[in-house]
Amino acid sequence: MVRGPEKTLSALDVVTGYGKKQVLNGVSIETACGEVVAVFGHNGSGKSTLLKAMFGMLPLRSGEISLENSPLRGATPRDLLRAGLAFVPQGNRVFANLSVLENLKLGNLMLGRREELDENVESALEIFPLLKRRVRQLAGTLSGGEKQMLAMANALAMRPRYLLLDEPCLGLAAPLAERALSCIRNIADQHNAGIVIVEQRIREALRIADRVYVIRRGEVSYSGHAESLANVDLLREVYL
Amino acid sequence: MEYIALILVLICIYCILSLSLDLLVGHLGLLSMAQAGIAGIGSYCTGIIAIEQGFPFLLTVPLVAGATSALSVLVSIPTLRLHDDYYAIGTFGCQVILFSIFNNWIAITNGPLGLPNIPHPRILAWMVDTTSEYLILTSSILAICCLLVHLITNSPLGRVLHAIREDEVLAKSMGHNVVSIKVGIAALSAALAAMAGSLYAHFVTFVHPSNFSVTESILVLSMVILGGAASIRGPIIGASVLIVLPEILRSVGIPSSIAANVREIVYGIALVMMMAWRPHGLVGRYSFR
């Protein structure tokens with residue numbers, strides 16, 4: 001994989017929180033096009049908060065998010081989607097009372113990409129062919145795994161260059177989780193997308209990740225190559 | 001004939017009011033309990049402007065709708081941060097405040113004595129002073145409101161409204177400016193409700209705080225729930241049923257002293273039954289469960 005150093009999404013010394021509670025105390029992470037970066041940590045360590053901050057859903061108290069060397073201070077989610085960054089929130093979130101097709105169209109409609117709408121939806125369905133047979137079905141009637149695929153397809157239909165995924169395997173049975181993760185690896189490889197994935201299934205995520213960050217109490221306690229964290233002792237040391 | 005025309009005028013006014021509420025309840029998923037209060041602002045403003053300033057109908061209605069809409073934007077900024085039950089409680093609070101203002105700000109609203117002698121509307125050379133003429137006016141305005149709501153809810157914006165109703169966080173993650181859209185729809189809903197209030201004031205020529213109480217807000221909400229939310233037909237059917245129902249009760253010989261109580265019991269039973277067995281109403285597209 002050949003890539004220039006400028007093709008990155010990075011968070012530098014991010015400090016943010018909710019009300020008086022400060023959750024992240026200067027977190028820095030980075031992902032490049034075609035790379036899968038996994039973020040691990042206990043519940044409440046600040047993983048999801050980091051993704052929300054990177055996607056402009058939570059204001060930064062200090063620090064900076066930059067996309068390919070352009071700082072994104074004050075950018076709204078709409079600005080970020082236009083710039084090529086998409087976010088899939090936690091919990092198989094789909095619009096239950098809308099059809100699969102309507103779900104897939106919504107993001108593009110917001111971006112005003114009416115001409116490319118069909119093409120973008122088709123390309124997202126190519127990645128998840130199972131959804132093709134269900135385009136007219138209400139999203140709420142899909143199974144958990146299918147909903148997760150649709151959630152990712154919704155983001156991919158907006159043709160992002162960078163993707164933030166918050167626990168995409170939450171609530172999925174092991175085989176479905178494996179399939180979802182291999183899809184994520186394929187998206188990075190075939191579409192050259194930079195992916196940040198927050199995940200609790202450490203072993204499975206390590207198989208698809210290139211690099212890993214571990215967050216403890218709002219700070220990065222470890223960063224390195226995914227293979228290095230396969231060492232159980234090291235994993236225990238940085239995680240527990 | 002006059003009696004039937006009167007009932008039809010009331011149905012048209014309540015249809016506009018329930019359509020305005022359906023924008024919030026059915027299309028955005030916001031359970032508002034203040035729609036009668038908002039209509040009350042429209043009614044009182046109409047009364048004050050028409051009596052004291054003598055403004056013509058064609059000026060009064062847009063003025064009142066615009067002013068109420070602007071006021072609703074101010075009110076909606078804090079309340080739209082609330083979700084689900086909290087939003088319902090917040091708007092319930094607004095309804096209580098509005099009723100209290102109508103009832104106690106005597107210098108402006110004439111308090112419990114109400115505001116009498118509101119003139120019938122005049123549209124250019126047309127003096128609308130018979131019930132049949134008023135029926136033509138209200139049904140025409142209802143048709144325009146239906147068209148407006150249809151165009152909005154079947155447009156790409158309509159899909160976004162439904163997306164926000166389904167999952168606000170997901171809608172935000174797809175780049176939709178949820179707060180602006182909610183404020184805009186709340187403003188439109190308030191404008192329609194104020195228009196209904198304005199039509200009511202001109203028709204009845206008298207407004208009283210009890211016309212805009214919590215009970216009235218619940219009645220309008222019942223119309224939306226009974227008929228079915230997120231559709232044009234639903235609020236129209238709901239309003240028609242709940243306006244005609246008391247007349248039927250009266251015709252079967254229930255004494256007027258207990259007719260009002262029986263009517264409210266029937267509303268309550270209807271709401272419980274709808275929630276239990278038909279949560280999407282008679283013809284609605286959105287289920288409250």
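Here is the naming used below: chain letters follow the sequence lines, and residue numbers restart at 1 for every chain.
- Few gaps surround CZ on R78(A); more than 12 heavy atoms of other groups in view lie less than 6.0 Å from it.
- Residues M57(A) and V169(B) form a side-chain contact, since some pair of their non-hydrogen atoms from C-beta on lies under 4.5 Å apart.
- Smallest separation of non-hydrogen atoms from S173(B) and L81(A): O-CD1, 3.8 Å.
- Of residues 141-162 of chain B, those residues lying under 4.5 Å from chain A by any heavy-atom pair are P156(B), R159(B), V160(B), H162(B).
- Scanning both residues, F95(A) and M174(B), for their nearest heavy atoms gives CE1-SD, 3.5 Å.
- Put simply, CG on L170(B) and CG on N103(A) are 7.5 Å apart, with the number rounded to the nearest 0.5 Å.
- Counting non-hydrogen atoms of other residues, nucleotides and ligands closer than 6.0 Å to CZ of R161(A) gives a total above 12.
- Listed options V88(A), N154(A), L164(A), D79(A) were ranked by heavy-atom pairs under 4.5 angstrom with chain B; first place goes to N154(A).
- For a residue to count as touching a neighbouring chain, one of its non-hydrogen atoms must lie under 4.5 Å from one of that chain's; by this rule L106(A) touches chain B with backbone and side chain alike.
- Both the backbone and the side chain of F87(A) come within contact range of chain B, with heavy atoms under 4.5 Å apart.
- Pairing each heavy atom of P77(A) with each of K172(B), the nearest pair is CB-O, 3.5 Å.
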